[in-house]
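Throughout, protein chains are lettered first and strands after them, A, B, ... in sequence-line order, and every chain is numbered starting at 1.
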There are 2 protein chains.
Amino acid sequence: MFEVFLRSFNEKVPLTPEEETFLKQYLTPKKLRKKQYLLQEGDVCKHICLVEKGALKAYLVDDKGDEQITAFALEGWTIADLSSFFKQTPATLNIDALEDCELILISRPAHDELLERFPKYGNYIRMLITDAYVALQQRVVNTLHLSVDERYIAFQQMCESIFQRVPQHMIASFMGLSPETLSRVRSRLSGKK
Amino acid sequence: MFEVFLRSFNEKVPLTPEEETFLKQYLTPKKLRKKQYLLQEGDVCKHICLVEKGALKAYLVDDKGDEQITAFALEGWTIADLSSFFKQTPATLNIDALEDCELILISRPAHDELLERFPKYGNYIRMLITDAYVALQQRVVNTLHLSVDERYIAFQQMCESIFQRVPQHMIASFMGLSPETLSRVRSRLSGKK
DNA sequence: AAAAAGCATTGATGCAGATCAATGCTTTTC
DNA sequence: GAAAAGCATTGATCTGCATCAATGCTTTTT
């Protein structure tokens, strides 16, 4: 039920069995069917979500009604609209399931209580966000300063697991490209190697 | 000496006068002259840096020798190569002073000791990185899904203070544009309004 | 004070990626 | 099992930004 989450936690901050039991009290398991929403634009993001199983995407909807994907989350990854969660403001992101999912949710009250009562949780969250920040910064640099071909290769190497499970046009959206361009990038690169 | 830093800290996590005194023990003031390096690519990033006065930029140098600016920091802002600081790996970023600066440095040992002894510091750092993450995410979305004109306006509104102190070609680099394009964006927009 | 370097602007040209459109394959739906 | 929807690919055209080049202004250097 909590295996993936606890493994992720232990990798950053080792826990004793008693601590694991204590921590579990604050966690809410949830199942989500493919295409169901975890969060909709305009609602307040009430949980931080860790993926035990399945896959989700976070996205904005633009004027034309197109989805602009900002993030994917697979097993062991965390997803939420952090701005909405921390400031308790309406979310700008939508999050929904790409596959049937098993999730672990941490509510805002649980989060606050854990921070007070269980310092290791604060350490875990700090490390989680730090890692996310570093990854995002790399993404900014790649986006602004690499060619599309280089970005594709970089992204492919970093997130191979995503490529095998997510339709290509969503990868294109995530990279800020049209599906046609991504298709051409792929054929260009496969020709080369 | 520590006014700006302590104000920033108090805004996120209020401190008693005693706590302020305690905290100061761990802070190292440093002055930096215009054009001097705070961090050079290849060195390990030994400090988190808060700007009391002045301005700095962080950047990569590409194959052609051009600077690709990834961040600016003005009074009250924080700057570092977080990946290098936390993993103790060689930095990929250079950081140098755009103006004469007064800085507050927190070394890695001071950081670790503060985390252990002073929980409010952990809270402060967590909030700092969370805010940075949210801002960076917005930047990614803007970069991938807005037109250049819209990005310029968004960036201008968000970071007006930068525009007044940083040469235009550095803003262009930060936005991933050529100086010529940014100049044209500006004349286009000033014509409109 | 003169020379040099740094910077913003404007024009001309070329190319990368968006858009529009058509086709065929695969998966889902009923 | 037929119809519909979703998806990847390929071609043709258009557009926005980079690049190259020249000019004049401002700041720094000596």
Donor-acceptor check, side chain of B:R108 to backbone of B:F85, threshold 3.5 angstrom: yes or no? yes
So, OP1 or OP2 of D:dA18: does either fall under 4.0 Å of a side-chain N or O from B:S178? yes
NZ/NE/NH1/NH2 to OD/OE distance under 4.0 Å, B:E67 and B:K57: yes
Where each residue is assigned the nucleotide of DNA chain C containing its nearest heavy atom, which of A:K35 and A:V185 is assigned the position nearer the 5′ end? A:V185
Return the value, rounded to whole Å, for the distance between atom CD of B:E99 and atom P of D:dT28. 12 Å
Of B:L182 and B:K34, whose closest DNA chain D nucleotide lies nearer the 5' terminus? B:L182
Describe, in one word, how the ring planes of A:F9 and A:Y124 are oriented to each other, choosing from parallel (under 30°), tilted (30 to 60°) and perpendicular (over 60°). parallel
State which of D:dT10, D:dT28, C:dT10 makes the closest approach to the side chain of B:E180. C:dT10
CZ of B:R188 versus P of C:dT9: gap in Å, rounded? 13 Å
Whole-Å distance separating the CG atom of A:D149 from the C1' atom of C:dG17: 11 Å
Specify the separation, in whole Å, of atom CE of A:M175 and atom P of C:dA18. 10 Å
How about B:R139 and A:L144: do any of their side-chain heavy atoms sit closer than 4.5 Å? yes
Please report, rounded to the nearest Å, how far the P atom of C:dG6 is from the CD atom of B:E67. 12 Å
Salt bridge A:E75-A:K53, side-chain N to carboxylate O under 4.0 Å: no
Which of residues 162-169 of chain B have a heavy atom under 4.0 Å from DNA chain C? B:P167, B:Q168, B:H169
Between B:K31 and B:D100, is there a side-chain N and carboxylate O pair less than 4.0 Å apart? no
How is B:L177 classified with respect to the nucleic acid when contacts are heavy atoms under 4.0 Å: base, sugar-phosphate, or nothing? sugar-phosphate
When rounded to whole Å, the CZ to P distance for the pair B:R186 and C:dC7 reads 15 Å
On a plain distance test, is the side chain of A:R184 in donor-acceptor contact with the base of D:dG11 below 3.5 Å? yes
Phosphate OP1/OP2 of C:dG17 contacted by A:T181 side-chain N/O (<4.0 Å): no
I'd like to know if B:K34 pairs up with B:D96 as an ion pair, taking the criterion as any Lys NZ or Arg NE/NH1/NH2 lying under 4.0 Å from an Asp or Glu carboxylate oxygen. no
In this structure, how many angstroms lie between the P atom of C:dA16 and the CG atom of A:L189, rounded? 14 Å
In whole angstrom, give the distance that lies between atom CG of A:L98 and atom P of D:dC7. 11 Å
